[in-house]
Structures are given as C-alpha cells and as structure tokens.
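Notes to accompany the following structure.
Numbers restart at 1 for each chain; the letters A, B, ... are given by sequence-line order, proteins then strands. Just so we're clear, the structure is a prediction, and the values are computed from it rather than from any experiment. Hydrogens, waters and symmetry mates play no part in the numbers below; they use all other heavy atoms, side chains included.
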Protein chains: 2
Amino acid sequence: MVKAVGKRYGQVDQGVPAHVRLASALRDTIASGELLPGDLLPGDAALMDATGLARGTVRQAVATLRAEGLVQTRQGARTSVLQRPRLQPFSELLSFTAWARQQGANPGARMVELVRRSVDPAVAHELRIGDNDLVWTMVRVRLLDGVPVMVEHAAYPERIGALLVDADLEAGSVYAALAEHGIEVASGHHRISAIAAEAADAELLRARPGTPLLRQERTVFASDGTPIEHSDDRWRGDSIVLDAVNSVQGSQLARRAPD
Amino acid sequence: MVKAVGKRYGQVDQGVPAHVRLASALRDTIASGELLPGDLLPGDAALMDATGLARGTVRQAVATLRAEGLVQTRQGARTSVLQRPRLQPFSELLSFTAWARQQGANPGARMVELVRRSVDPAVAHELRIGDNDLVWTMVRVRLLDGVPVMVEHAAYPERIGALLVDADLEAGSVYAALAEHGIEVASGHHRISAIAAEAADAELLRARPGTPLLRQERTVFASDGTPIEHSDDRWRGDSIVLDAVNSVQGSQLARRAPD
DNA sequence: CAGTGGTCTAGACCACGTG
DNA sequence: ACGTGGTCTAGACCACTGA
C-alpha cells in the first residue's frame with residue numbers, strides 16, 4: 001500500500017506505479033533546469049527517504065531515466081545528469097501526425113494512390129507474409145503547414161489494408177484509424193540512409209531530381225508482434241533531423257553497411 | 001555467492017553478474033534461431049527453475065533484452081521474441097574503427113589537418129567551453145578497405161587535443177588513443193540529416209558536388225560527463241545505413257525539426 | 001480461473017570512487 | 001573508510017491474458 005509519498009517527489013496517487021511517478025518527478029526536475037547537465041541526482045538513500053519507497057522501486061525509477069539517456073550512473077560514483085529531456089520519442093518516430101503536432105506544425109497529407117496488388121518479395125519478407133500474397137500499397141505526400149516534406153510509400157498486409165480503405169487518410173493518421181479497430185502500434189524498426197531524389201519523388205516534393213533525401217525505411221509491429229506496415233519514407237533533406245542518444249548502458253541505434 | 005547455475009542457461013561462473021550471464025544466454029538462444037520472432041520466451045518461473053536465481057534477477061535479464069528490442073513483454077501475456085539480435089550498438093556507433101572491424105572491413109584514415117584554433121561559438125556550446133577558448137580541430141578522410149567513405153570534421157577541447165597531437169591518427173582510433181590516457185568514452189549524442197556534398201567534401205570523397213551525404217553531428221562524453229569531442233561526419237550516402245529500434249518500452253531515437 | 005508479467009518490500013553483501 | 005551504486009534474495013499482492 002503506497003501511502004503518503006514524500007513532500008518533494010510525487011504527490012498525487014493514481015493508478016500510476018510509484019516508480020513511474022518518481023521517474024516523472026525526477027524528469028521534471030531536470031526539465032525545469034533545477035538540475036543541469038553535470039549536476040548530481042539525489043542518491044538512492046535520499047530518494048528512499050524523500051518518497052518512503054523501497055530501494056528497488058527507487059532504482060527502477062532511476063533506471064528509466066538512464067534508459068532515456070538523461071542521467072548516467074557508475075558504480076561507486078553519484079548519479080549525474082547528462083542532458084535535458086527532449087521528446088517523447090516513441091510515437092513521434094512512428095507517426096508523422098503525432099510528430100508534426102508535437103512540433104506545433106499542422107500536419108497534412110495528399111493521397112496519391114491506395115491500391116491492392118501483389119507484393120514485392122523484399123516487402124513480403126519484412127511483413128512476414130507469403131511471396132504470392134496481396135498487399136495494399138499507399139503513396140502519400142506528407143505536408144507540414146501545407147508544404148510537402150515527405151513522400152511515403154507504404155505497404156500493408158491485406159487484413160490491415162482492408163481497414164484503411166474507408167478511412168480518411170488525407171485528414172488523419174493511419175495509426176489512429178487502426179487504433180479504432182483495436183490495433184495498437186507497439187514497436188518499430190528503422191533503417192535510415194541518404195539518397196538522391198528520383199524523378200517521381202522530386203516532382204511530388206517539388207524539388208529538383210538529385211536533391212538529397214533522408215530515407216527512412218520502417219517496419220511497424222502491433223502489440224502481438226505481428227507486422228502491420230512496411231514503409232519507405234523519403235524526406236526532403238532540409239526538413240528533418242534525427243536525434244539519437246546512446247551510452248554504454250543502452251541504445252537502440254546501430255550503424256551498419258547497406259545490403 | 002552464485003553457485004552452480006542451471007543446466008540450460010549460463011554455465012561458467014566468472015566475475016560476470018548472473019543477470020548479465022542469463023541475458024547473454026537468452027540472447028544467444030535467439031541469435032541461434034532456436035527461438036524465432038513470434039516465439040515465446042520461457043516464463044519467469046521457468047527461468048527461476050532453470051537457473052536457481054531469484055525472480056528479480058531473472059526479470060533484470062529479460063529487461064535487458066526488452067531494452068535491446070529483442071523481446072516484447074505485456075502484463076498477463078507471455079514474453080515473445082521480436083527480432084534477431086544485430087550488433088553491439090554502442091561502440092560501433094561512436095567509433096569508425098570499431099564499426100569497420102565489426103563489419104569485417106579494414107578501416108583507415110588520411111589526416112588532412114590537425115590544428116589549434118579559436119572555437120566556433122556553436123561548437124563551444126556543445127563542448128561546454130568558453131567562446132574565447134581554443135580547440136583542436138581535425139579533418140580526416142576515413143577509408144574502408146582503402147576507399148574514402150566519410151569526411152570527419154572534429155573539434156576537441158584543448159586538454160583533450162593535447163593528448164592527440166602525438167598519436168598516430170592515420171592508423172588508430174582517437175578513442176583508443178584517449179583510452180591510453182585513462183579517458184573512457186561513456187555516451188554520445190547524435191544528430192542525423194541528409195545534405196548535398198559541398199565542393200571541399202566532394203573532392204575529399206572523390207564524389208561529385210551535390211552528391212547526397214548522410215551527416216552525423218556527434219558530441220561524445222567521458223565517464224564523468226565531460227564533453228570530449230564534437231564532430232561533423234559526412235558519409236557518402238551509398239556507404240552507410242543507420243538502424244534503429246524503438247518501442248513503447250524504450251527508445252533512444254527521436255525525430256525533430258532542424259534548427 | 002489459473003498462470004503470466006508488473007509492482008513493491010526489506011533486507012543483505014559487494015565493488016568501486018572519492019575524500 | 002565511508003558512501004555510492006550494483007547485485008541478489010525471498011516473499012507478497014495485483015492486473016491482465018487467454019483458455
């Protein structure tokens with residue numbers, strides 16, 4: 001029974017686990033600038049005192065911040081702040097709509113095509129379906145405040161695509177449409193590279209052929225591990241930057257040679 | 001004292017923590033193909049049985065795999081495999097030398113310049129030094145099996161650069177040289193974007209001006225949180241891909257608008 | 001409803017770092 | 001030498017999944 005939690009960290013008691021509340025409180029302390037990069041976080045003992053929580057719970061909260069790259073821990077030394085928090089990285093990385101809104105910009109889309117066709121073998125492999133299966137493929141131009149910034153070439157397994165045919169994909173997000181059918185996005189894999197704009201992409205982006213584009217190939221998985229989508233997004237090079245943090249204590253970014 | 005560990009997971013007992021050994025054993029099981037994406041991991045209880053470890057320790061091992069994006073957990077449901085492991089992402093992302101070796105390629109470098117000069121204000125901010133301080137700046141062309149693939153523009157605080165002057169930076173890694181002076185790399189922040197090759201970069205890379213490049217701006221921190229290096233690396237677009245995995249349960253990759 | 005993972009406690013010993 | 005974070009145990013209750 002989690003009762004009154006300390007004066008300093010985490011006041012309200014909802015259904016939220018104590019370690020999540022403490023992590024949020026610490027994250028806020030860093031975000032507010034009260035603790036700057038290089039400063040020291042309170043130690044486990046101090047946090048136990050302040051919150052009344054057991055050490056394991058306190059450590060779980062700190063582990064969350066460490067995984068987010070906000071703090072750094074070393075055995076024997078005090079935990080120190082590495083950087084101010086930036087984004088909620090998950091949904092912003094997957095959903096153009098969520099990302100744009102988070103930027104304070106107005107997301108839009110222009111549908112170019114949405115058709116059912118036989119699947120490309122490479123895409124079939126990513127979606128873990130048969131080489132002779134059908135997929136829905138979609139081409140959309142994504143707009144930021146009305147300006148085209150990205151061309152999206154997406155492929156969906158038949159079962160998923162069928163749910164999208166009736167959705168208004170110029171207004172809303174694919175993921176929002178799928179969520180209405182109870183399909184939640186749980187994880188994504190990404191491959192990022194730089195390429196020159198081909199003629200077709202250039203025309204859709206109102207850029208010259210050969211313009212540098214940031215290419216993001218993406219496979220998105222549902223909660224049950226099933227592939228939902230494979231997409232090849234091509235961003236105008238001047239419209240996007242990817243941020244990554246990595247440390248000895250964990251990172252999701254890896255670099256490798258192209259296939 | 002961790003004594004005999006179960007028949008199945010983790011045999012040898014060195015100074016390695018039990019949860020790390022169990023995580024490795026599970027990772028190997030996935031890597032070997034014995035467990036494929038979609039398959040179920042043994043439950044906590046089964047792993048406790050097999051290893052003789054307490055539940056907390058078992059859970060720590062599984063948490064490691066989850067943070068690596070290898071497995072997915074949901075309350076109430078069995079833990080399932082998401083993907084096969086790929087790389088050790090940490091050192092490969094920071095060190096060209098380590099990355100190249102890991103690829104089975106032969107890394108090289110051609111030093112263009114290493115000079116001490118006054119610092120650019122933007123770089124001063126990244127390195128957390130004064131606007132009037134001096135830095136060492138280095139330009140190197142990085143080679144993969146003798147072929148130029150990247151131009152590196154790096155800046156080091158005076159104290160760090162002084163350690164590099166006498167090192168052979170055409171043969172070895174900067175980080176290897178720093179490690180010899182007791183300076184260990186602990187974390188890095190990265191900004192990734194796509195740009196067109198400028199004339200100078202193009203010449204060094206033996207490419208045409210305007211060729212798409214993947215740009216990786218990087219700030220590297222030592223164990224004590226001190227910035228060691230700020231670098232602007234420009235890769236031939238056809239020579240590099242970045243891999244990322246993210247899930248609701250943690251990710252280090254975030255997307256944002258350019259400054 | 002049985003089994004799973006998620007959370008939490010209260011204690012203990014250890015390796016490491018810093019004064 | 002002391003305090004720090006890292007590891008580990010043994011037990012408990014809960015929320016949720018899935019048959």
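- Within the 4.0 Å cut-off from OP1 or OP2 of D:dG5, at least one side-chain nitrogen or oxygen of A:Thr79 is found.
- A:Arg128 places no side-chain N or O within 3.5 Å of a backbone atom of A:Pro227 that could act as its donor or acceptor partner.
- Between the side chain of A:Arg218 and the backbone N or O of A:Gly188 there is no donor-acceptor pair closer than 3.5 Å.
- Under 3.5 Å, the side chain of A:Arg55 and the base of D:dG5 form at least one donor-acceptor pair of N or O atoms.
- Distance CD (A:Gln72) to C1' (D:dG6): 15 Å, rounded to an integer number of Å.
- Side-chain proximity of A:Thr57 to the nucleotides C:dC8, D:dC8, D:dT9 is greatest for C:dC8.
- Following rounding to the nearest Å, B:Leu22 (CG) and D:dT9 (P) show an atom-to-atom distance of 11 Å.
- Checking side-chain atoms of B:Thr226 against main-chain N and O of B:Ala222 turns up no donor-acceptor pair under 3.5 Å.
- A donor-acceptor distance shorter than 3.5 angstrom exists from the side chain of B:Arg78 to the backbone of B:Leu41, with no hydrogens or angles considered.
- Distance A:Leu40 CG to C:dG19 P: 11 Å, rounded to the nearest Å.
- Between B:Arg78 atom CZ and D:dG18 atom P the separation is 12 Å, expressed in whole Å.
- Protein atom CG of B:Asp44 is 15 Å distant from nucleotide atom P of C:dG3, rounded to whole Å.
- Side-chain proximity of B:His19 to the nucleotides D:dT7, D:dT17, D:dG6 is greatest for D:dT7.
- Taking atom CE of A:Met48 as the reference point, atom P of D:dG3 lies 15 Å away to the nearest angstrom.
- Residues A:Gly56 and A:Ala77 each lie close to DNA chain C; by heavy-atom proximity, the contact nearer the 5' end of the strand is made by A:Gly56.
- Atom-to-atom, CD of B:Gln60 to P of C:dG5 comes out at 17 Å; the value is rounded to the nearest Å.
- A distance-only check finds no donor-acceptor pair linking the side chain of A:His125 to the backbone of A:Pro121 [under 3.5 Å].
- The interatomic distance linking A:Arg59 (CZ) with C:dC13 (P) rounds to 17 Å, in whole Å.
- Checked against D:dG18, C:dA15, C:dG5, the side chain of B:Gln75 finds its nearest nucleotide in C:dG5.
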